[in-house]
Amino acid sequence: MRMSYLFGQTLREAPADAELTSHKLLVRAGFVRQLGAGIFSVLPLGHRSITKIENIMREEMNAIGGQEMMMPVVHPAEIWKETGRWYEVGPEMGRFKDAGGRDMVLAMTHEEVVTDLVRNIIHSYRQLPALIYHIQTKWRDEVRSRGGLIRVREFTMKDSYSLDADWEGLDRQYRAHYQAYFNIFRRAGLEVIAVKSDVGMMGGKEAHEFMYLTPIGEDTLVLCDSCGYTANRQVAVFRKPEPQEEAPLPLEKVATPGTKTIADLAAFLNIPESKTAKAVFMVATISEEQKDTEKFVFVVVRGDMELNETKLANALKAKALRPAHEEEIRAIGASPGYGSPVGIKDDVLVVVDDLIPRSPNLVAGANEDGYHYLNVNYGRDYKAAIVADLVAAEDGYACVQCGEPLRTSRGVEVGNIFKLGTRYSEAMNATFLDKDGKPKPVIMGSYGIGSGRLLACVAEEYNDEYGLKWPITVAPYQVHIVALKGGFDVAEQLYTDLQKAGVEVLYDDREELSAGVKFNDADLIGIPIRLTVGGRSLKQGGVEFKLRSSDEREIVPLDQIIDKVQEEIARLLAEINARVVPVEMPD
RNA sequence: CGGGGCGUAGCGCAGUUCGGUAGCGCGCUUGGUUUGGGUCCAAGAAGUCGUCGGUUCAAAUCCGGCCGCCCCGACCA
């Protein structure tokens with residue numbers, strides 16, 4: 001491609017609303033332009049890079065038996081009503097009516113469409129297993145779509161769906177994806193970790209997220225350096241401390257003026273926070289038979305720990321959670337800051353963390369401003385409807401597997417894999433006849449990778465103060481020829497010859513620009529190999545060869561440059577491919 | 001949805017306090033100059049000042065509504 005013809009423009013300054021490095025550089029280098037909040041156009045350079053990422057995904061999907069196809073972006077609402085997600089999913093689902101007044105859905109994902117196809121096409125165990133995938137646009141109207149290109153509303157995703165007759169088959173396909181995903185990310189130059197994750201709106205049995213570790217990530221991960229335990233903080237479990245045994249002491253009401261927080265309370269009474277019980281008031285939306293009801297929830301966790309809302313939502317099977325308003329708290333007879341499960345109205349749903357029953361003689365509120373109870377004991381003084389693990393893992397907590405301290409880190413989710421099981425096939429009656437002639441629901445898995453987000457993460461990882469530094473596998477072109485005065489004729493010939501040799505070339509043929517401008521553009525765009533052809537290099541005996549990733553320059557004679565470029569491309573490719581190795585999926 | 005900020009030429013910004021009908025840098029066009037790290041000089045083109053309404057002789061500027069974008073929080077595969 002000739003730069004004089006390339007559609008796009010480099011910018012000296014990034015738009016003011018770009019915050020992340022990847023966002024700034026991708027806009028400045030002419031890879032993307034923003035159209036609206038979370039909505040981007042992909043320009044030719046960006047499109048080439050995304051196509052490369054998508055082709056890597058195709059190769060790895062095909063290698064595990066995937067068949068590429070294409071499913072629609074606009075769906076009739078009926079299928080989403082069948083699975084219940086029409087009712088369960090909130091405003092992030094794009095909904096509209098067609099000209100005939102029918103409810104329509106903009107695809108957030110494609111389980112419903114796949115399952116509809118499955119029930120029409122799969123009739124026999126002989127047709128299973130199968131793996132289908134497509135690379136298609138999704139719309140998710142995130143309430144907050146920030147983070148440049150990392151978090152967008154309209155995006156392209158590779159999503160695959162496995163179909164099996166038995167659970168062993170699902171496990172095989174799940175494991176195949178686990179490996180394939182590592183291959184994809186590593187081939188794109190990105191090192192990721194796989195963490196256990198919440199199944200969220202997908203439902204299902206088991207899930208992993210593939211996380212690119214970076215401080216800009218919006219997810220918090222919990223890692224154990226000792227045994228390798230990894231999990232999203234939403235679901236991370238840990239070994240809870242064993243409280244000292246004590247004989248229950250009599251309940252005692254004490255004045256604790258001005259101690260609305262656990263820290264104040266512990267300081268006032270001169271006790272550790274771990275000897276207190278924290279009351280958290282939430283309102284849960286619970287869906288029953290397509291009807292949403294709001295339910296007040298009184299949560300008790302130990303004072304030194306934080307409530308994990310995902311765990312709470314899962315324990316309650318709640319669709320949504322929000323903090324309760326003060327009026328709602330007062331309405332159940334509690335007092336913000338002094339809330340207590342002791343003596344609360346009977347109809348209030350009390351949920352406690354499983355550490356609480358083992359923790360004797362805690363300090364809890366007295367449901368009266370300025371007063372707390374000493375020696376509150378679960379079972380004797382109050383009872384809960386649900387006892388479950390409800391608290392969030394923190395830095396330094398003990399690993400559930402090996403007991404060593406956990407560490408937290410931020411990450412961006414670049415892919416995920418889900419064992420859906422029969423959640424969709426049962427809801428939509430997608431069954432097959434097994435060997436015994438009995439109808440059984442198809443066992444499904446779903447597996448996604450966002451191609452634009454992956455590109456943004458690669459950009460986030462590979463850059464310096466001058467611009468992008470693409471891995472050879474993702475770079476829009478392999479070679480960038482910079483023609484300078486006295487070198488245009490030779491550069492033209494080199495451009496033609498390299499292309500004939502199968503090399504992908506971006507050729508800066510712009511005659512009116514100074515050398516500095518062209519070098520800066522080349523650094524900004526970040527193509528791995530740069531060849532400079534000018535009067536000076538020719539006088540020195542050839543063209544100047546330079547890698548974007550290195551400061552070294554070398555003059556290569558014209559009759560050797562094509563070989564040199566091909567060798568170097570092969571070397572860069574080999575370097576990346578060396579990272580593609582088998583991985584163990586932990587149980 | 002709550003809190004904060006912003007909206008003036010393709011990009012970055014000034015002008016708004018104190019109303020008088022728009023300016024700077026980059027980019028773009030033309031001519032010259034320079035020619036290996038964002039040359040220099042000159043002449044140009046380009047903006048319903050987000051939008052609607054109000055106040056006023058007069059609004060980018062004051063007042064109100066709406067829209068959009070960004071950040072923080074809640075939310076979220």
Side-chain angles (χ1 to χ4, degrees), chain A residues 8-20 23-24 27-28 30 33-39 85 88-93 108-111 138 140-148 151-153 155 157 159 195-204 207-211 218-219 232 234-235 282-283 285 309-310 313 319-323 325 412-420 446-450 453 466-467 482-488 508 510-524 530 532-540 543-544 546 551 553 555:
Chain A
Q9 190 185 21
T10 57
L11 298 177
R12 196 176 290 207
E13 290 182 277
D17 50 17
E19 191 80 1
L20 300 180
H23 186 189
K24 287 182 188 166
V27 173
R28 283 189 54 211
R33 277 294 168 94
Q34 183 165 353
L35 178 64
I39 308 175
R85 288 159 115 187
E88 288 164 18
V89 179
E92 62 269 27
M93 180 187 282
M108 316 176 67
T109 173
H110 284 79
E111 282 78 14
K138 308 279 192 277
R140 292 182 196 174
D141 199 351
E142 306 282 356
V143 199
R144 177 180 179 188
S145 55
R146 59 179 164 202
R151 189 178 196 73
V152 292
R153 294 193 292 175
F155 58 99
M157 177 184 250
D159 42 329
V195 304
K196 287 199 170 122
S197 72
D198 183 40
V199 293
M201 77 166 188
M202 305 293 303
H208 283 88
E209 291 171 339
F210 291 79
M211 311 291 308
E218 293 185 302
D219 284 286
N232 193 306
Q234 293 178 324
V235 297
M282 305 292 292
V283 173
T285 305
E309 293 191 17
T310 305
K319 179 178 147 184
L321 278 177
R322 62 168 173 82
H325 304 306
V412 173
E413 180 187 350
V414 286
N416 56 39
I417 57 180
F418 280 92
K419 285 187 179 175
L420 298 174
S446 97
Y447 316 86
I449 297 179
R453 177 180 283 190
Y466 303 106
V482 176
L484 299 178
K485 191 170 185 187
F488 279 89
D508 194 345
R510 298 171 297 178
E511 296 189 29
E512 68 285 359
L513 295 180
S514 71
V517 173
K518 296 177 138 192
F519 287 136
N520 279 300
D521 272 353
D523 287 345
L524 181 57
R530 187 183 84 187
T532 306
V533 190
R536 187 151 113 190
S537 73
L538 292 172
K539 225 173 280 171
Q540 291 172 333
V543 312
E544 183 196 89
K546 180 185 172 299
D551 288 334
R553 298 140 195 254
I555 297 291

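So you know, we letter chains A, B, ... as the sequences are listed, proteins then strands, and number each from 1.
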Under 4.0 angstrom, heavy atoms only, what part of the nucleic acid is A/M93 near: base, sugar-phosphate, or nothing? nothing
Within the structure shown, what part of the strands sits under 4.0 Å from A/A14 by heavy-atom distance: base, sugar-phosphate, or nothing? sugar-phosphate
Say you pick atom [atom1] in [N] and the same atom in [M]; how far apart are they, in whole Å?
{"N": "B/G27", "M": "B/A42", "atom1": "P", "answer": "15 Å"}
{"N": "B/G20", "M": "B/G31", "atom1": "C1'", "answer": "38 Å"}
{"N": "B/C63", "M": "B/G23", "atom1": "C1'", "answer": "26 Å"}
{"N": "B/C11", "M": "B/G4", "atom1": "C1'", "answer": "25 Å"}
{"N": "B/U29", "M": "B/A45", "atom1": "C1'", "answer": "7 Å"}
{"N": "B/A59", "M": "B/A22", "atom1": "P", "answer": "12 Å"}
{"N": "B/A9", "M": "B/A14", "atom1": "C1'", "answer": "14 Å"}
{"N": "B/C62", "M": "B/U8", "atom1": "P", "answer": "16 Å"}

Kindly give the heavy-atom pair with the smallest separation between [X] and [Y], and that separation in Å.
{"X": "A/K24", "Y": "A/A18", "result": "CE-O, 3.3 Å"}
{"X": "A/M157", "Y": "A/D159", "result": "O-OD1, 3.4 Å"}
{"X": "A/V533", "Y": "A/G487", "result": "CG1-O, 3.5 Å"}
{"X": "A/V414", "Y": "A/I449", "result": "O-CG2, 3.5 Å"}
{"X": "A/T532", "Y": "A/S537", "result": "O-OG, 3.6 Å"}

Name the pairing partner of [N], where a pair is Watson-Crick or G-U wobble with both distances under 3.5 Å, or state none.
{"N": "B/G68", "value": "B/C6"}
{"N": "B/C24", "value": "B/G12"}
{"N": "B/G37", "value": "none"}
{"N": "B/G73", "value": "B/C1"}
{"N": "B/U61", "value": "none"}
{"N": "B/U29", "value": "B/A43"}

With sequence neighbours left out, the residues meeting ring pair (Phe, Tyr, Trp, His ring centres under 6.0 Å) with A/Y447 are A/H177
Interatomic distance, [X] [atom1] vs [N] [atom2] [rounded to whole Å]:
{"X": "A/E309", "N": "B/A74", "atom1": "CD", "atom2": "C1'", "value": "8 Å"}
{"X": "A/Q9", "N": "B/A9", "atom1": "CD", "atom2": "C1'", "value": "13 Å"}
{"X": "A/M282", "N": "B/C75", "atom1": "CE", "atom2": "C1'", "value": "11 Å"}
{"X": "A/D141", "N": "B/C75", "atom1": "CG", "atom2": "C1'", "value": "12 Å"}
{"X": "A/D521", "N": "B/G27", "atom1": "CG", "atom2": "P", "value": "11 Å"}
{"X": "A/N232", "N": "B/C75", "atom1": "CG", "atom2": "P", "value": "13 Å"}
{"X": "A/L11", "N": "B/G38", "atom1": "CG", "atom2": "C1'", "value": "13 Å"}
{"X": "A/K24", "N": "B/C70", "atom1": "NZ", "atom2": "P", "value": "15 Å"}

Candidate pair A/N232 and A/E413, rule side-chain contact (heavy atoms from CB on, under 4.5 Å), full reasoning: CA-CA 10 Å; A/N232 193 306; A/E413 180 187 350; 5.9 Å; no
Can you tabulate the close N/O pairs, meaning under 3.5 Å, that link protein atoms to atoms of nucleotides 23-26 of chain B?
none

Pairwise N/O distances under 3.5 Å, protein to nucleotides 30-36 of chain B:
| residue | atom | partner | partner atom | Å |
| --- | --- | --- | --- | --- |
| B/G36 | O2' | A/R536 | NH1 | 2.4 |
| B/G36 | O2' | A/R536 | NH2 | 2.7 |
| B/G36 | O6 | A/S537 | N | 2.8 |
| B/G36 | O6 | A/S537 | OG | 3.4 |
| B/G36 | N2 | A/E544 | OE1 | 2.9 |
| B/G36 | N2 | A/E544 | OE2 | 2.2 |

Apply side-chain contact (heavy atoms from CB on, under 4.5 Å) to A/Q34 and A/V27, showing your working. CA-CA 8 Å; A/Q34 183 165 353; A/V27 173; over 6 Å; no
Regarding B/C76, can its base be found pairing with the side chain of A/R151 as donor and acceptor, where the two atoms are less than 3.5 Å apart? yes
Between A/L35 and A/M157, just flag the one whose closest nucleotide in RNA chain B comes earlier from the 5' side. A/L35
For A/K138 and for A/G36, locate the closest nucleotide of RNA chain B by heavy-atom distance; then report the residue assigned to the nucleotide nearer the 5' terminus. A/G36
Quick one: do A/V412 and A/R453 satisfy side-chain contact (heavy atoms from CB on, under 4.5 Å)? Show the steps, please. CA-CA 9 Å; A/V412 173; A/R453 177 180 283 190; 3.8 Å; yes
So does A/Q34 get a side-chain nitrogen or oxygen closer than 4.0 Å to the phosphate oxygens (OP1/OP2) of B/C70? yes
Using modelled atom types and a 3.5 Å cut-off, is there a donor and acceptor pairing between side-chain atoms of A/K485 and backbone atoms of A/G535? no
Donor-acceptor pair, side chain of A/R28 and main chain of A/L11, under 3.5 angstrom: yes
Taking it one step at a time, do A/R530 and A/D523 satisfy side-chain contact (heavy atoms from CB on, under 4.5 Å)? CA-CA 9 Å; A/R530 187 183 84 187; A/D523 287 345; 3.9 Å; yes
Of the listed B/C70, B/G37, B/G38, the closest approach to the A/V517 side chain comes from B/G38
